[in-house]
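Okay, structure first, notes after.
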Amino acid sequence: MFADVIVDISVEALDRTFQYRVPEEMKDRVSLGCRVKIPFGRADREISGFVIGLSDEAKWPVEKIKSLTAIDENEIPVEGQLLKLAAWIREYYGATMNEALKTVLPVKKQIKSVEEHWLTFAVSREQAERERDRCRLRHFRAKERLLAGMLEEGGEMTTRLAAKKYNATKTVVDGLVKQGILLVTDRRRYRNPFQTEPDTSDAIVLNDQQRKVAEHFCRQYRQGIRGTYLLYGVTGSGKTEVYMEMIRQALLLGQQVIVLIPEIALTYQTVKRFQRQFGDRVSVLNSRMSDGERYDQYERAKKGEIDIIVGPRSALFIPFAHLGLIIMDEEHENSYKSESPPKYHAREVALQRAAMAGASVVLGSATPSVETYLAAGEGRYHMYRLTERAGGAQMPQVHVVDLREELKAKNRSIFSRLLQQKIRERLERQEQVILFLNRRGYAGHVSCRSCGFVLKCNHCEVSMTAHKNHVGEVDTLICHYCGHAIAMPEVCPECGSPYIAAFGMGTQKVEEMLHRTFSQARILRMDGDTTSGKQGHERVLEPFRRGEADILIGTQMIVKGHDFPNVTLVAALAADLGMYDGDYRSNERTFDLLMQAGGRAGRGQKPGEMIIQTYNPEQYCVEAVRVQDAGLFYENELAYRRMTRYPPYSYMMAVLVLSEDQQCGKKCIGALAALAGSAGSEVSVIGPSEAGLSRAKDRFRYVLYVKAAEETAVTEVKHQMEMFSADAEWEKSCSIQYDRNPMSVY
């Protein structure tokens with residue numbers, strides 16, 4: 001057996017692994033991620049490394065390969081823990097070990113550390129004061145000024161500050177160094193992507209519900225109980241305040257905390273709140289930061305200079321040696337699922353990392369995912385409930401507008417008559433409005449504006465997706481599950497109305513219509529086009545927070561977690577856009593977004609209202625939001641999932657094949673489908689078919705779905721496919737990706 005050993009723990013070092021022979025007596029004890037002692041270099045000096053690969057094949061002549069000298073079986077360092085986590089990700093989600101390691105390890109590349117020159121006294125403070133007085137008597141103004149500044153700054157400062165604030169030239173500094181009064185030392189300055197603000201916040205005062213939750217968790221935590229908890233609280237119930245009490249308990253016991261948030265847009269708001277409570281021991285990590293800023297946060301974490309990290313799913317891999325708590329806010333969000341291999345879900349990886357580190361996991365949401373809700377209901381997670389808004393604020397009043405009736409009343413605008421009236425009222429009262437489009441994917445569903453009928457696949461009970469031809473006209477409807485296709489009908493099959501079309505409208509067009517309808521309104525738009533760059537989200541959110549705009553229009557990113565006290569009206573312009581996007585999770589996503597959107601209204605002292613515009617007001621996810629009864633939604637959705645054997649009552653895996661050669665792609669997906677089909681009656685195969693996005697970046701895309709009641713059956717099919725494809729003729733011309741329990745169809 002041979003082991004690939006990495007010495008420098010960073011992505012940059014992945015291509016610089018060293019192979020060692022595993023002695024016979026170590027074979028049963030060596031594993032991926034374990035720390036080993038190795039002879040290194042010509043002098044064979046003994047150093048530590050980590051095993052990131054095991055194989056039976058030697059990469060070099062066997063006689064030239066050195067042997068491992070020992071396995072370090074003491075406490076596993078955090079690097080070894082993360083490498084073990086990478087091995088689990090590779091095994092569970094189906095990716096190469098290199099892909100898994102690049103997910104887990106810090107990006108180092110060619111990043112230079114930032115060094116600063118610091119001045120300190122080489123003598124006692126009394127001697128420094130005497131030298132300052134001597135310089136004053138002899139009229140050495142520059143030296144006197146610098147020494148006085150040093151004394152004022154507490155005996156140390158950077159040369160940059162000395163030059164800027166005290167006008168100290170290099171000659172003056174060198175003179176005092178030569179006299180033996182000052183010392184110049186180099187220190188590494190870590191790039192801090194977020195400036196710490198002074199603590200101006202008051203102590204947190206919890207209401208009765210919040211206090212009971214915090215006290216129960218903290219009591220269990222002090223007793224050494226490390227579990228998984230669901231904090232299920234209505235929007236505005238003060239989940240963040242409860243998180244802070246949980247974090248305070250972990251910090252008191254010398255533990256470190258990861259706080260996951262779903263959107264980069266929430267980073268600024270969240271970090272500000274945490275820094276006001278916990279000071280500069282809080283840092284942030286996200287993809288908008290530079291490589292240098294990201295790498296420095298890893299270094300600060302390893303050195304124990306920070307205790308709390310806030311960020312999206314990549315923050316899960318911060319190298320905390322004393323990790324005690326992982327908080328996953330808005331745990332239902334799709335953005336916690338990686339879209340590139342390995343296609344991991346942060347919730348599953350968080351549970352795995354917590355198990356390795358002996359940490360607790362808190363999942364928070366006003367609309368828990370169906371999987372989490374069922375797990376808590378079955379007692380696998382401990383559920384906490386917060387049923388009241390903090391500060392006495394009331395839940396918004398919800399109005400549902402039937403757009404079929406608007407059409408009958410000759411209103412063909414995207415804005416219903418009720419919505420126009422409510423917006424005018426807000427503009428008169430100088431209150432704010434949020435309008436959002438629940439839109440995703442490349443093409444909308446097809447529905448009838450007269451009767452609300454939605455065209456669905458005869459075989460899969462999901463809506464058909466519109467596809468445009470080369471001249472931009474919708475001519476084909478395709479099921480993204482089984483590939484069944486039909487021509488675009490000219491009239492509604494249900495009522496014969498000619499008002500049948502692909503349903504969809506972009507935020508930019510809505511913004512133009514708003515300007516025409518409410519010419520006096522100040523309007524901001526927030527979507528992918530307006531939020532590019534490191535501070536892109538704050539460029540839109542901060543002016544709205546300050547009251548510099550009346551209406552904020554955007555995609556779903558604007559309804560997640562934001563707190564705008566002056567927003568008293570929120571409207572979902574077209575709830576149907578998400579309700580019929582060809583996916584068994586579409587009702588869940590619609591319910592989540594509508595509930596979260598309603599939660600943005602009336603969070604301050606003023607009461608809030610929400611308007612849902614839909615062609616299907618009877619749909620249970622809309623009705624559940626209207627009456628503010630989440631139980632109604634979960635009851636119906638779980639019944640639907642149980643009946644159709646979709647997760648969480650089964651396990652699914654999407655298999656995606658990408659190839660520049662169309663025939664090779666078809667051959668590959670066909671062979672994989674045949675392999676899955678031979679796995680036995682407990683495994684069902686849906687497809688294969690062209691993916692909804694059938695070609696991207698000059699690569700053809702094909703997909704099939706594997707579904708089984710037992711997770712082990714899906715895992716075994718994945719293993720068989722991996723072994724089969726590694727030896728097949730198309731291995732180099734086709735890329736195969738595996739997606740466990742996919743969040744959306746391909």
Side-chain angles (χ1 to χ4, degrees), residues 87-95 337 341-345 347-349 351-352 369-381 456-462 479-484 582-588 634 637-657 666-691 702-728 734 736-746:
W88 179 85
I89 289 172
R90 180 260 168 276
E91 176 70 14
Y92 186 76
Y93 292 104
K337 184 70 178 279
K343 299 189 176 186
Y344 70 92
H345 195 294
R347 180 176 58 242
E348 295 162 342
V349 177
L351 292 172
Q352 190 68 23
S369 64
V370 171
E371 290 87 347
T372 297
Y373 183 86
L374 182 64
E378 293 177 345
R380 286 178 278 144
Y381 303 161
K456 292 186 176 182
C457 174
N458 294 332
H459 307 288
C460 301
E461 195 53 29
V462 293
C479 171
H480 285 183
Y481 269 87
C482 68
H484 177 60
D583 191 340
Y584 76 91
R585 293 183 188 269
S586 58
N587 283 333
E588 180 182 1
Y634 288 113
E637 185 66 14
L638 285 169
Y640 161 67
R641 302 279 186 95
R642 192 185 300 112
M643 179 180 66
T644 54
R645 294 196 306 117
Y646 281 126
Y649 295 106
S650 70
Y651 295 90
M652 281 187 73
M653 178 177 68
V655 183
L656 183 68
V657 172
K666 285 182 178 179
K667 186 178 178 183
C668 178
I669 197 71
L672 293 175
L675 182 65
S678 65
S681 58
E682 69 274 15
V683 174
S684 59
V685 181
I686 305 172
S689 70
E690 284 188 356
Y702 299 92
V703 68
L704 66 88
Y705 297 89
V706 177
K707 189 162 66 168
E710 298 296 328
E711 189 174 27
T712 51
V714 175
T715 301
E716 181 57 30
V717 169
K718 179 182 70 67
H719 286 167
Q720 293 293 331
M721 287 181 173
E722 286 175 324
M723 288 188 293
F724 179 71
S725 59
D727 298 328
C734 291
I736 303 171
Q737 298 178 2
Y738 304 94
D739 189 355
R740 300 289 287 257
N741 293 331
M743 300 302 290
S744 57
V745 295
Y746 286 93

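Using a distance-only test at 3.5 Å, with no hydrogens or angles considered, a donor-acceptor pair links the side chain of S650 to the main chain of R645.
With contacts defined as side-chain heavy-atom distances shorter than 4.5 Å, the pair P688/K666 does not qualify. No side-chain heavy atom of M653 sits less than 4.5 Å from a side-chain heavy atom of N741. Counting only heavy atoms from C-beta outward, the side chains of M652 and Y646 approach each other to under 4.5 Å. In this structure the side chain of Y584 reaches within 4.5 angstrom of the side chain of P647, judged on heavy atoms. Between L656 and I736 there is no side-chain heavy-atom pair separated by less than 4.5 Å. Residues V706 and V683 are in side-chain contact: their nearest non-hydrogen atoms beyond the backbone lie under 4.5 Å apart.
Rounding to the nearest 0.5 angstrom, the gap separating the CG atom in D583 from the CD atom in E588 is 9.5 Å. Summarising the geometry, atom NE2 belonging to H345 is positioned 10.5 Å from atom CG belonging to L351; distances are rounded to the nearest 0.5 Å. The OG1 atom of T372 sits 4.0 Å away from atom CZ of R347, with the distance rounded to the nearest 0.5 Å. Atom CG in L704 sits 8.5 Å away from atom OG in S689 (nearest 0.5 Å). The OH atom of Y651 sits 9.0 Å away from atom OG1 of T712, with the distance rounded to the nearest 0.5 Å. Considering OH of Y705 and OG of S684, their distance stands at 13.0 Å, rounded to 0.5 Å.
In this structure, a donor-acceptor pair under 3.5 Å is present between the side chains of Q720 and E716. Residues Y649 and R641 bring no donor and acceptor atom of their side chains to less than 3.5 Å of each other. With no hydrogens or angles considered, no side-chain donor-acceptor pair links Q352 and Y344 at under 3.5 Å. Remark: the R740 side chain and the T715 side chain contain an N/O donor-acceptor pair separated by less than 3.5 Å.
A perpendicular orientation is assigned to the rings of Y93 and W88, their planes being inclined by more than 60° (bins at 30° and 60°).
Shown here for E722 and S725, the closest heavy-atom pair between the two residues is O-OG, 3.2 Å. When all heavy atoms of V685 and G677 are compared, the closest pair comes out as CG2-N, 3.8 Å.
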| query | K718 and V655: side-chain contact (heavy atoms from CB on, under 4.5 Å), yes or no, with the steps? | reply | CA-CA 9 Å; K718 179 182 70 67; V655 183; over 6 Å; no
| query | E711 and Y92: side chain to side chain donor-acceptor pair (under 3.5 Å), yes or no, with the steps? | reply | CA-CA 11 Å; E711 189 174 27; Y92 186 76; 2.3 Å; yes
| task | Show the numbers, then the answer: is there a side-chain contact (heavy atoms from CB on, under 4.5 Å) between M721 and L675? | result | CA-CA 7 Å; M721 287 181 173; L675 182 65; 3.9 Å; yes
| said: Please determine whether side-chain contact (heavy atoms from CB on, under 4.5 Å) holds for the pair E91 and H719, giving the CA-CA distance in whole Å, both sets of side-chain angles, and the decisive distance to 0.1 Å. | reply: CA-CA 9 Å; E91 176 70 14; H719 286 167; 2.8 Å; yes
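In this structure, R380 places its CZ atom where more than 12 heavy-atom neighbours from other residues, nucleotides or ligands lie under 6.0 Å away.
We find that R585 and E371 are joined by a salt bridge, their nearest charged nitrogen and carboxylate oxygen being less than 4.0 Å apart.
Both tests do not hold together for K343 against Y738: distance to the six-membered ring centre under 6.0 Å, angle to the ring axis within 45°.
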